[in-house]
Amino acid sequence: MFNFYRRIWDAGQAMYQAHAFDRTPTGATLALEAVILAAAGLTLWWHMKNERKGGVRFAIAAGGLFIHQFFTGPMWQNLHLGWWAYIFQQVSWISTLAWASMIMWTLTLVDRALPEWPDWKRFFVYLAALTPAALLYEAALLKLGVSGYSPEVHASLSGLTLLGAPVETFVYVPVFMALVVAFAKYWSFFVLRKPVIPLPRRPWLRSFLVTLAAVLIFEVTVEPMVQNVGFPAWSYVFHDITVVLTGAWIVLVWFAINAVDKFFIHFSLRGKFLAYLGVVFAAVLPAEIWLIASGHRVYGPTTVAAFTGLHIPFTAVPAEVAFGIPLYFALILSFVKYWEIILDNR
Amino acid sequence: MESIAMLGFCLLMLAVMVLLQVALPIFLIYKLAAAVIRYSRTGKLPWQRDELPPQAGEPATLKQALDRARETAVKAETAAAQARRPEPAVVAGEESAAARAARAEEEVRLAESLLKRKRDELASAMKEQGKLDRLALVYYVEASLREGCAADAVAGALKAKGWPEADITAAFQACGAAI
């Protein structure tokens, strides 16, 4: 056990030295952090007072956001926030709180302003409201020198900006917020104990189409981080997103959800979710190990540089892959199930 | 400062391994100790549950347990609100507002325990019969009634989704509710 801790310490020291970046705060960044913390405190306090299980739902939104920040961490830079602001490499908990506050206010205000609208329509309103807010926030961070992008992300940008932020924000924010908002809303059903109607027959085609959307959204959010290499030329549909691999993930997620919903129909939302994740993880981990070993999956230089150097036992596959799989599939699965629930429970 | 940042990196990335190598052994030892102590006191093995003492007027059906849980929850809320107000001097022999609130909370806990027991009994019976889909219906009916939905509306929603009439009726009967 002591050896284990020593290895952690040594790995951390080596990683810290290898991934050093400028944490030195400026007066402006300190002021920004103070504003964010005050806003997050106000958000949490208000939701705890005025919304059912407001505190728990805030934590869920922050958790979903953190999942996304964690596995896309190598794509972004977060500088000058001070040593206290970072949880892991350049992932900042202060940034998590800022985004979570934005999400919670958006969900609450839209739900209160449009209570008669069906959930599926309100979902798009959430995204429409979050996008300009995110653009302003990102523009502020870029102006203060806090935010930055990896070389792989820079290579995918057009160079056009609005208020100093890349115009691609208008595409990227709705895409990743779709996953995070769906995660927050799915788990709010569980926390609020909303009745979710069981189905006597699975809607296979609808389920497939929703899964297709979820996996494609995810692939777009992580596209700069990893290259899919060696697949047939005809299979590449957008940059290096290939129908062969993406199609395999779609079929796997679709199968996991439908099998669990059919044979474990009596499970709670939480029980089913863990079952989906278990089925997916059991299939995806060996697949990822093979893809990396065979050279079909090549992580970008910035992503590789961010790895700790620890590997899955008996393989040469980075430990981050094993952690990443349940994290990003948690977002994909919650998106699919959220949409199925709101379409079935109108 | 640097060492704290390093520790932050490590703890997050390897939290699962720490849980497995540290927390899990401690948890297992704790559970074993708790099981040994319980066995020495009650003679019960870990999988043998404690029986709730028989309650006067114990609800016979899931619906009755649910109604009782909701009534006690409403009473507890009222008692809690009264306890928060400034209280006049308590007359000798009368219960204070705080004591009433505490008693109401205790009744809520008891009602929730009874509801959970009824639900578990129903679930065990249906699992033994292999009627998992009917169990899912029972859970949905119970959750909907708990939200305050009308029984007719719940039955209508299930019918609209294609559930057979017989299954819907059986689910309501299992709950002790009427459509």
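Residue numbering restarts at 1 for every chain, and letters A, B, ... go by the order of the sequence lines.
- For A:Arg270, the CZ atom counts as loosely surrounded, since its 6.0 Å shell holds 12 or fewer non-hydrogen atoms of other residues, nucleotides or ligands.
- More than 12 non-hydrogen atoms from other residues, nucleotides or ligands lie less than 6.0 angstrom from CZ of A:Arg206.
- A distance of 9.0 Å separates CD1 of A:Ile197 from CH2 of B:Trp163, quoted to the nearest 0.5 Å.
- Counting non-hydrogen atoms of neighbouring residues, nucleotides and ligands closer than 6.0 angstrom, the NZ atom of A:Lys53 reaches no more than 12 such neighbours.
- Every ring-ring contact (aromatic ring centres under 6.0 Å, His included) that A:Tyr186 has, sequence neighbours left out, goes to A:Phe273.
- Of the inter-residue distances, the one linking A:Ile265 atom CD1 with B:Tyr139 atom OH reads 12.0 Å to the nearest 0.5 angstrom.
- Contact annotation: the side chain of A:Pro198 approaches that of B:Leu137 to within less than 4.5 Å [non-hydrogen atoms, C-beta and beyond].
- The NZ atom of B:Lys131 sits 15.0 Å away from atom NE2 of A:His266, with the distance rounded to the nearest 0.5 Å.
- Scanning for ring-ring contact (aromatic ring centres under 6.0 Å, His included) contacts around A:Trp99 gives A:Tyr137, A:Phe176, with sequence neighbours left out.
- Scored by the ring-ring contact (aromatic ring centres under 6.0 Å, His included) test, A:Phe267 finds A:Phe264 as partners (sequence neighbours excluded).
- Contacts with chain A (heavy atom to heavy atom, under 4.5 Å) involve these residues of residues 143-153 of chain B, listed by number: B:Ala143, B:Ser144, B:Arg146, B:Glu147.
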